[in-house]
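Numbered from 1 within each chain, the chains take letters A, B, ... in sequence-line order. No hydrogens, no waters, no symmetry mates; every other heavy atom, side chains included, goes into these values.
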2 protein chains.
Amino acid sequence: MGKVTIKDVAREAGVSISTVSNALNNVDVLTPETKKHVLEVAERLNYVPNLNGKLLKSGKTKLLGFFTTSVAGPYFYTLVESMSRECDRLGYGLSVLVTKDKQVIMNNILGGRVDGVIIFEELKINDHDIAVMAKNKIKAVFLDRVVQNETMGSIIFNSFEGGYEATKYLINLGHRKIAYISGVDTMFDSVERREGYVAALQEANFPIDQDYFLQGYFEEEGSYNAVKSFLHMHPDKVPDAFLAGNDLSAIGCIRALKSQGYEVPRDISVVGFDDIDIAPYFSPPLTTVRNQIARQGILVVNHLIRMIQKKEQGTVERLDVELVVRGSSQVKSGRHDPV
Amino acid sequence: MGKVTIKDVAREAGVSISTVSNALNNVDVLTPETKKHVLEVAERLNYVPNLNGKLLKSGKTKLLGFFTTSVAGPYFYTLVESMSRECDRLGYGLSVLVTKDKQVIMNNILGGRVDGVIIFEELKINDHDIAVMAKNKIKAVFLDRVVQNETMGSIIFNSFEGGYEATKYLINLGHRKIAYISGVDTMFDSVERREGYVAALQEANFPIDQDYFLQGYFEEEGSYNAVKSFLHMHPDKVPDAFLAGNDLSAIGCIRALKSQGYEVPRDISVVGFDDIDIAPYFSPPLTTVRNQIARQGILVVNHLIRMIQKKEQGTVERLDVELVVRGSSQVKSGRHDPV
DNA sequence: GATTGCTTTGAAAACGTTTTTATAGTATGA
DNA sequence: TCATACTATAAAAACGTTTTCAAAGCAATC
């Protein structure tokens, strides 16, 4: 039972409350005998310290919050698993809150339920919200936007680089007509990746065709629909290659292409983003830009805890990406478009 | 700042602490003017109640723990998302702890960090651990084993039924040689599903062939390897159909079959388990036994909170399953085994 | 032998709430 | 008019800790 309090232990051991507290917290001030005796009594009574009492006093919760609009998909579960492990290692808990209601997130952030927050919420939190958080000295690390001030930072992927490298790779394979399947236009990674893509095209003096900007919402089905309807609307502009905003989009894209009789990579190359766990096992195995998701989880937890414990300033860290060439892309070859 | 306390509001409003508390908590005892005034002051000062203070009083943490060995894969993220949403709806937080170290789990359970726990940990928690938890009146709900006592219950899938129905379905399609790809032999769902499978075979007076028990560890790659090596070792016993312990195994199985030149479902039928979110979009779309994963998440949270708040006894609830027929299975037709 | 200083322990305050109890003030009734 | 009852608010206790400060005991020093 959680009913045994420090008072009970004190009474039973015949000492004061403060002595019990000191004994339990290894404050090096008691005689070994006293300490031993107290600990024995505590053990015998099955004493378990009440967390709320502790926390009320210290003003800390030893809990980090992960506030997000979703945990679905490989990116998130890899991230959550990594963050949870790191939190546990460092003596913190990880509280996961999935909601699309921004106000719920803000209330939880400001309510002091957690010592710090990790936020992924697709940019619906605006500058005003951030200002409020800053004023309240909330410790926060963002995964999907760049924020930097006294108490807030970001750990993000070098998505611009990724988009640029992947596009350049496709260009070098001989592809000319390259389409980009974005997430949502407000999503940081999606935009950065597209900008890298545009930069590579411009560098190669290729035209930028707005028709080649598809919207797949970073989901398998969204991408499938986008690609399918594109092929339907622009049968004359079938791309040589697709750069998908993430691997799920790549998978949806490939499914759409297959359904229209195209073979990947023979007819059309497809490159994804993330290198999610199933990417190597997909058929064909995905060529993709690897994001160090697990590493992001570790870094974000450490950065947050440093800000909490050592009052460190927030920083922005960008994780390097790496192109992983597998089976979904190849040198451009003459394609016979199916009818 | 999180520094504004109820005292500050009281001073600023020129009333007592208790009046502020009553105003904030809608205790119907104040004059409307007083209440309004207090609320305005609180608003103006950006007062946010300190959670630890509240909780200390109530003796609760308003936090549920989800302790698991992994959150990877569609089953888990669907579950976590569902549990998180339900927790939020009911005013609780969800603390996720991913670890394979049983002792870490036990310490967290007994440490009073949370009001109740949801446990999925592949049966490494033994009867003794459960007895300890019972003695300490820990509120717990298990997802992967049957436990029932004063403070513990289970919400599980009707896996035996599922295995039985799926197997019967395959038999009715005309398949004779049906293999089962299990998870690990200690995993509850895996075992139950297999027992249902065996029961259906026996009912049909089919022989039970131990060679047809494959082990795929509930993972895509594990299943791929198991199927591939089976085909290699028993080229004379190629099954008519595979019943996979979960959808990931089914996907790995199909990939292995394709790699050996078999086409699904033309040559071999494959049935999975779970109906994960990508099952309808896979190629071919998976025939599978649907588990109500999101519903499991909702039920487990509610059951736990009922035990916490209303001192209800633990119960065991089994969720019905449903066979969803899609494209990965069909009536047996003469197959020409590839060379 | 008194003073100082150190060691060990205890008493009490503090954290921010909610809840219980007390105290004015006001209305009601005979 | 005075007791009674009720209302609105305030004061104080309580939740379970940690921490600060005081006190007591004792050894060492002069």
Side-chain angles (χ1 to χ4, degrees), chain A residues 1-42 45-63 91 107 110-115 136 309, chain B residues 1-42 45-63 91 110-115 309:
Chain A
M1 309 192 302
K3 293 262 181 135
V4 179
T5 79
I6 200 171
K7 278 185 199 162
D8 300 315
V9 178
R11 184 169 355 95
E12 182 74 11
V15 298
S16 75
I17 288 180
S18 31
T19 299
V20 176
S21 176
N22 284 331
L24 292 169
N25 294 289
N26 266 317
V27 178
D28 186 20
V29 72
L30 302 178
T31 51
E33 302 86 58
T34 312
K35 182 169 168 182
K36 180 153 169 278
H37 175 225
V38 170
L39 292 182
E40 276 172 3
V41 172
L45 297 184
N46 287 320
Y47 168 72
V48 178
N50 176 293
L51 205 69
N52 290 325
K54 273 179 126 91
L55 298 179
L56 171 55
K57 193 56 191 162
S58 70
K60 302 291 178 207
T61 64
K62 282 279 187 173
L63 203 57
N107 287 344
L110 298 174
R113 171 111 223 197
V114 294
D115 291 345
N136 291 22
Q309 294 184 339
Chain B
M1 312 189 301
K3 293 261 180 128
V4 179
T5 79
I6 200 170
K7 279 183 197 162
D8 300 314
V9 178
R11 185 169 352 96
E12 182 74 11
V15 300
S16 74
I17 289 181
S18 31
T19 299
V20 177
S21 177
N22 284 332
L24 292 169
N25 294 289
N26 266 317
V27 178
D28 187 21
V29 71
L30 302 178
T31 50
E33 303 85 59
T34 312
K35 182 168 167 182
K36 181 152 167 281
H37 175 225
V38 170
L39 291 183
E40 276 171 3
V41 172
L45 296 185
N46 288 318
Y47 168 72
V48 179
N50 176 294
L51 208 69
N52 290 325
K54 274 178 125 96
L55 297 178
L56 169 56
K57 199 53 193 160
S58 71
K60 302 290 180 206
T61 65
K62 284 280 189 171
L63 203 56
L110 298 174
R113 172 111 221 198
V114 293
D115 291 346
Q309 294 184 339

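- In this structure, CD1 in I6(B) is found 12.5 Å from CZ in R11(B), a value given to the nearest 0.5 Å.
- The side chain of K7(A) approaches dC15(D) more closely than any other nucleotide in the set dT8(C), dT18(D), dC15(D).
- Here the straight-line distance linking atom CG of N52(B) with atom NZ of K60(A) works out to 11.0 Å at 0.5 Å rounding.
- Heavy atoms of K54(B) sit under 4.0 angstrom from primed sugar atoms or phosphate atoms, though from no base atom.
- Interatomic distance, CG of D8(A) versus CG of N46(A), reported as 12.0 Å (0.5 Å rounding).
- Within residues 8-23 of chain B, the residues that place at least one heavy atom under 4.0 Å from DNA chain D are, in residue-number order, G14(B), V15(B), S16(B), S18(B), T19(B).
- Side-chain nitrogen and oxygen atoms of T34(B) include none within less than 4.0 Å of the OP1 or OP2 phosphate oxygen of dA8(D).
- Applying the side-chain contact (heavy atoms from CB on, under 4.5 Å) test between V38(A) and each of N22(A), L30(A), V20(A) identifies V20(A) as the sole match.
- In this view, S18(A) and S16(A) satisfy the side-chain contact (heavy atoms from CB on, under 4.5 Å) rule, not counting sequence neighbours.
- For the atom pair OG1 (T31(A)) and NE2 (H37(A)), the distance works out to 11.0 Å, reported to the nearest 0.5 Å.
- Residue K35(A) contributes atom NZ, which lies 15 Å from atom C1' of dT9(C) at whole-angstrom precision.
- If you check every strand for non-hydrogen atoms under 4.0 Å, N25(A) touches sugar and phosphate atoms only.
- In this structure, OH of Y47(B) is placed 10 Å from P of dG16(C), rounded to the nearest angstrom.
- Between the P atom of dT18(C) and the NZ atom of K60(B) lies a distance of 17 Å, rounded to the nearest Å.
- If you measure from atom NZ of K57(A) to atom P of dT18(D), you get 10 Å, rounded to the nearest angstrom.
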